[in-house]
Each structure stands twice: as structure tokens, then as C-alpha cells.
Amino acid sequence: MYSSAMRPLLFLMLSLTFPLALTGCPDDDDDSSVGDDDDSGDDDDATDDDDDATDDDDATDDDDSGLGDDDDSAVVIIGAILNGAVSRSVDLSGDGLGGLYLTLSDPTLGIGPDSIVANLTLETFDLSDEAGSAYEIPGIPPSSNPYTVEIFFDEDDSGGLGGPTAGDLTVASFPTITMPTLNEYTLDIELNLVSE
């Protein structure tokens with residue numbers, strides 16, 4: 001095929017061509033589709049992070065739960081409610097404007113402050129009209145024991161400490177009411193006695 005004189009020249013040409021062929025081969029895998037797969041893996045991580053962030057937003061969205069909306073500052077009082085009207089059947093010695101003091105007590109708990117389960121103070125109560133005005137006491141603990149309702153109207157503006165003084169309006173006999181469940185109860189009270 002080739003003469004012995006041409007063989008050295010052929011080997012020389014092959015030795016020069018082979019390194020060039022190697023150099024021309026792409027060795028940068030990052031530009032290949034395999035390298036792009038690595039980059040796409042990173043993109044998947046970023047997508048996962050975005051999904052996690054979205055999940056976090058959902059977890060902190062209290063509006064959907066109906067809890068903790070804009071009413072976080074509202075105070076919910078749990079207990080029975082007593083309401084009604086306080087009227088009078090006796091004459092006034094003043095203008096009929098004064099403080100109303102009402103206390104619910106449970107005699108089975110003892111006497112004095114230990115027996116008080118709820119109280120109400122209305123410093124500007126209007127009894128100028130005999131029909132009187134409304135009152136309401138929330139947060140009363142339910143009990144099968146009757147509560148005693150002590151009440152007086154501070155006609156002479158002497159204050160509520162120590163109970164009624166001369167001229168204050170109260171009742172001849174304290175009414176009682178039983179409040180066994182968490183419901184709303186009504187008790188109208190007529191002040192029919194002037195303290196002496």
C-alpha cells in the first residue's frame with residue numbers, strides 16, 4: 001500500500017492530527033443538556049421554596065379560620081345575664097338622679113363579701129320617672145342556689161359604701177332569683193322603701 005519511504009511522513013501527519021481532534025471534542029458538560037439538568041434541579045429547589053413560602057402564607061392566614069379577625073380586642077364575658085327595670089313607688093327627696101347599687105349574693109357561700117357573686121354600680125341612674133330605667137348584669141356564674149338581690153338608690157349622693165343612708169330608696173324585702181344555666185334572666189325590681 002504505502003512505500004517504506006512514506007510511512008514516517010504518515011506517522012507524522014497522524015501525530016499532528018490526533019491531538020487536534022481531541023482538542024476539538026466538547027468537554028464542557030455544563031453547556032450540554034446534562035449540565036442543564038443540574039440547573040433545572042436548582043430551579044426545582046427554587047420552586048419548592050416558593051411553594052413553601054406560599055404554604056407559610058396560608059398557615060398565617062387567620063382570616064379563613066374566622067378566629068382572631070379584627071375583633072381580637074373584644075372581651076367575651078361568659079356567664080348568665082340578669083336584666084330588667086328598676087322603678088319606684090315612693091316619693092323622692094331629690095332630683096331622682098343618683099347612683100344605683102345592686103349586688104347578687106349566694107347565702108350558701110357565707111355572709112359579707114365572701115357571698116357576693118356579682119355586682120353592678122351605675123353612678124348616673126335616672127329615677128326621676130316612677131317607671132325608672134333599665135339595668136343589666138353579665139357574667140353571673142350559674143347556680144341552682146337562689147341568689148339574693150340587694151339593691152338601693154343613692155338619693156342623697158352619699159356613695160355606696162356602707163349601704164343605704166337616710167333618704168335612699170331600697171326595698172322592704174330583697175328579691176331572690178335562681179339562675180341554673182347560661183341563659184338570660186329578667187327581674188324587674190320596684191323600690192318601695194325610703195331608708196331612715
Common cluster, L100/L187, ILVMFWY with side-chain heavy-atom separation under 4.5 Å: yes
Worked verdict on L169 versus L92 for side-chain contact (heavy atoms from CB on, under 4.5 Å): CA-CA 8 Å; L169 275 58; L92 296 168; 3.8 Å; yes
Main-chain N/O of D126 paired with S133 side-chain donor or acceptor, under 3.5 Å: yes
Nearest atoms (heavy-atom pairs only) where S93 meets G167: OG-O, 4.2 Å
Reported CD-to-CG distance for the pair E136 and L122, which is rounded to 0.5 angstrom: 10.5 Å
Shared-cluster residues of Y101, by chain and number - hydrophobic side chains joined below 4.5 Å: F152
side-chain contact (heavy atoms from CB on, under 4.5 Å) partners of D188, counting only residues at least two apart: A85, T186
Side chain to side chain contact (heavy atoms under 4.5 Å, CB included), paired with P146, selected from T178, D106, T108, I177: T178
Sub-4.5 Å side-chain heavy-atom contact between S143 and V117: no
Stepwise side-chain contact (heavy atoms from CB on, under 4.5 Å) check, T124 with L97: CA-CA 6 Å; T124 55; L97 299 177; over 6 Å; no
Transitive ILVMFWY side-chain link L127 to L120, under 4.5 Å: yes
Nearest-0.5 Å distance that lies between atom CD1 in I137 and atom OG1 in T121: 9.5 Å
Minimum heavy-atom distance S158-D168, with the two atoms named: OG-OD2, 4.2 Å
Heavy atoms from other residues, nucleotides or ligands near CD of E123 exceed 12 (cutoff 6.0 Å): no
Value rounded to 0.5 Å, distance of CD1 in I78 from CG in L182: 8.0 Å
Closest contact, heavy atoms only, R88 versus S128: NH2-O, 3.1 Å
Closest contact, heavy atoms only, S115 versus G112: OG-O, 2.8 Å
Sub-4.5 Å side-chain heavy-atom contact between D114 and L109: no
Distance, nearest 0.5 Å, that separates CG of N145 from OG1 of T176: 11.5 Å
Main-chain N/O of G94 paired to E155 side chain as donor or acceptor, under 3.5 Å: yes
Partners passing side-chain contact (heavy atoms from CB on, under 4.5 Å) against V171 (at least two apart in sequence or in another chain): I151, F174, P175, I189, L191, N192
Contacts of E190 that satisfy side chain to side chain donor-acceptor pair (under 3.5 Å) - sequence neighbours left out: S89
More than 12 heavy atoms from other groups under 6.0 Å of CG on D91: no
Closest non-hydrogen atom pair, I140 against M179: CD1-CE, 3.7 Å
Distance (rounded to the nearest 0.5 Å) between T103 OG1 and I116 CD1: 5.0 Å
Pairs where residues 121-151 contributes a residue and the test ring-ring contact (aromatic ring centres under 6.0 Å, His included) is met, not counting sequence neighbours: none
Those residues that, when tested against Y185, pass side chain to side chain donor-acceptor pair (under 3.5 Å) (two or more places apart): T181
P164 versus S195, closest heavy-atom pair with distance: CB-OG, 3.5 Å
Value rounded to 0.5 Å, distance of CG in L104 from CD in E150: 9.0 Å
